[in-house]
Amino acid sequence: MPKISVIMGIYNGADTMDAAIESIFNQTFKDWELIICDDCSTDKTLEKAEMWKQKDERIKVIKNSVNMGLAATLNHCFSCAQGKFIARMDDDDISYPNRFEEQVNFLQQHKEYGFVSSIVDCFDGTVIVRNRFLRKAEPEKKDFLSGTQFVHPATMFRRESLEKVQGYREGRVTRRTEDYDLFMRLYAVGIVGYNIQQPLLRYTVNVDAMAKKSLYRYRIDEARVRYKGFKMLGLLPKGLPYVMRPLIVGLIPKKIIWKMFYK
């Protein structure tokens, strides 16, 4: 069995997925399998995935029967995974060559952590901004008041950590916050994570995805996720103002948000 199962859910990622998959092949740590789940793409995602599968038997390709969204797609991947560690990867990001080696070594040496992530470099399609999305090495429960404390596609989990919380929570309310929800649920059952303080991934800021996430209905969903998560973490009533934060931020034009956080 492979040491690492890389799970990648894709919807219409034909234009970017090749570079992401190549970055997996370029890892110094070679004991992995890559599980690609096509979420009913309308482009050539499935065709490309099948081509990669023909090149290497470590790649598995599965397909949802209907479009299910990222949380359900990742759960589908997880149900097929055999690895001791589960690494996330998106189709438009690049894992640096030492990512898997660094994260596996960390988890093997630090049994007290259920998962590990890292800070990342940020790519807007033109410019790479180094060391963005800085995070504390050892986030505490209270830190989730300000937002998610881990970069999702840079994260590697112990298999049993995901099993304990039954994977990702599926549903309309977690459409854009499945990672935030997952990390809070992990902390709520005593499974904590660590951020390696060096960039192990180039994270692509998708402006189109940002625009969708800024739709007010998703802001309402995030507020609901925050309320439930804060309640599990014992952060209420102190956290109530932070529950309202996405509703307020949703009123700010996304161009201003972009300049504030990504420039």
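Every value quoted in this text rests on a predicted model; they were computed, and no experiment measured them.
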Within the 3.5 Å criterion, strictly below it, is a donor on N98 or T28 matched to an acceptor on the partner's side chain? no

What do the steps show when you test K63 against E50 for side-chain contact (heavy atoms from CB on, under 4.5 Å), and what is the final call? CA-CA 11 Å; K63 186 180 186 301; E50 292 289 355; over 6 Å; no

Nearest heavy-atom neighbours spanning T155 and V151: OG1-O, 2.8 Å

Listed partners of E170 passing side chain to side chain contact (heavy atoms under 4.5 Å, CB included), at least two apart: A71, A72, N75

CD1 of I7 to CG of D90: how many Å apart, nearest 0.5 Å? 10.0 Å

Please walk me through it: do I220 and L247 pass side-chain contact (heavy atoms from CB on, under 4.5 Å)? CA-CA 6 Å; I220 295 172; L247 303 180; 3.9 Å; yes

What closest approach, in Å, do I119 and R135 show between heavy atoms, and which atom pair accounts for it? CG2-N, 3.8 Å

Take a 6.0 Å sphere around CZ of F25 and say whether it holds more than 12 heavy atoms from other residues, nucleotides or ligands. yes

Could you work out, with ring pair (Phe, Tyr, Trp, His ring centres under 6.0 Å) as the rule, every residue matching F85, not counting sequence neighbours? none

Other than M68, what residues sit in its cluster of Ile, Leu, Val, Met, Phe, Trp and Tyr side chains whose heavy atoms are under 4.5 Å apart, directly or through others? V66

Qualifying side-chain hydrogen bond (donor to acceptor under 3.5 Å, both in side chains) pairs with a residue from residues 157-168, counting only residues at least two apart or across chains: H152-Y168, R159-E163

Reported OG1-to-CD1 distance for the pair T16 and I21, which is rounded to 0.5 angstrom: 9.0 Å

My understanding is that only residues two or more places apart in sequence, or in another chain, count here; which of them pass side chain to side chain contact (heavy atoms under 4.5 Å, CB included) with K48? A14, M17, D18

Could you check V225 against R169 for side-chain contact (heavy atoms from CB on, under 4.5 Å), going step by step and ending with a plain yes or no? CA-CA 11 Å; V225 166; R169 183 160 67 100; 4.1 Å; yes

Side chain to side chain contact (heavy atoms under 4.5 Å, CB included) filter on M51, not counting sequence neighbours, yields none

Determine yes or no for a side-chain-to-main-chain donor-acceptor pair under 3.5 angstrom, with Q27 supplying the side chain and Y96 the backbone. yes

Taking every heavy atom of H76 against every heavy atom of C37, the minimum-distance pair comes out as ND1-SG, 3.7 Å

Any side-chain heavy atom of M8 within less than 4.5 Å of one from P153? no

Measure across L145 and G239 and return the closest heavy-atom pair with its distance rounded to 0.1 Å. CD2-CA, 3.6 Å

Out of curiosity, D181 CG to D221 CG, how far, rounded to the nearest 0.5 Å? 11.5 Å

Are I62 and L74 linked, directly or through other ILVMFWY residues, by side chains that come within less than 4.5 angstrom of each other? no

Whether the side chain of Q149 engages the backbone of D143 through a donor-acceptor N/O pair (distance < 3.5 Å, no angle test) should be reported. yes

Are the side chains of S95 and M89 in contact, using a 4.5 Å heavy-atom criterion? yes

Hydrophobic clusters here meaning ILVMFWY residues chained together by side-chain heavy-atom distances under 4.5 Å, can you tell me if I4 and I94 are in one? no

What is the distance from atom OG1 of T204 to atom CG of D93, rounded to the nearest 0.5 Å? 5.0 Å

Is there a donor-acceptor pair closer than 3.5 Å between any side-chain N or O of T45 and the backbone N or O of Y11? no

With sequence neighbours left out, what residues match S65 under side chain to side chain contact (heavy atoms under 4.5 Å, CB included)? none

Considering residues at least two apart in sequence or located in another chain, which fulfil the ring pair (Phe, Tyr, Trp, His ring centres under 6.0 Å) criterion with F115? F150, F157, F183

Which residues pass the ring pair (Phe, Tyr, Trp, His ring centres under 6.0 Å) test with F78, sequence neighbours left out? none

Applying ring pair (Phe, Tyr, Trp, His ring centres under 6.0 Å), name anything that partners F100, two or more places apart in sequence or on another chain. none

Verdict with reasoning, T177 to Y218, per side-chain contact (heavy atoms from CB on, under 4.5 Å): CA-CA 9 Å; T177 54; Y218 296 134; over 6 Å; no

Check: A223 main-chain N/O paired with K228 side-chain donor or acceptor under 3.5 Å: no

Looking at side-chain heavy atoms only, is the closest gap between F230 and L240 below 4.5 Å? no

Assess, by modelled atom type and distance only, whether the side chains of T73 and N64 contain a donor and an acceptor separated by less than 3.5 Å. yes

Where the side chain of Y187 meets the backbone of P139, is there a donor-acceptor pair that is under 3.5 Å apart? yes

Whether R99 side chain and L201 backbone form a donor-acceptor pair below 3.5 Å: no

Can you give me the closest heavy-atom contact between D91 and G9, atom names plus distance? OD2-O, 4.1 Å

Out of K60, R58, K3, which residue meets the salt bridge (Lys or Arg N to Asp or Glu O under 4.0 Å) rule with E33? K60

Any sub-3.5 Å donor-acceptor pair from N12's side-chain atoms to S41's backbone N or O? no

Exercise: identify the closest heavy-atom pair between D43 and G13: OD2-N, 3.4 Å

Tell me whether E222 contacts the main-chain N or O of V243 through its side chain, where contact means a donor paired with an acceptor under 3.5 Å. no

Let me check something: any side-chain donor-acceptor pairs from residues 104-114 under 3.5 Å, sequence neighbours excluded? List them with distances.
residue: N105; atom: ND2; partner: E101; partner atom: O; Å: 3.2
residue: K111; atom: NZ; partner: Q108; partner atom: O; Å: 3.4
residue: Y113; atom: OH; partner: E138; partner atom: OE1; Å: 2.5

N/O donor-acceptor pair under 3.5 Å between T148 side chain and F144 backbone: no

Does K136 offer a backbone N or O that forms a donor-acceptor pair with the side chain of N195 under 3.5 Å? yes

If you link I, L, V, M, F, W and Y whenever their side-chain heavy atoms are under 4.5 Å apart, who else ends up in the same group as M1? none

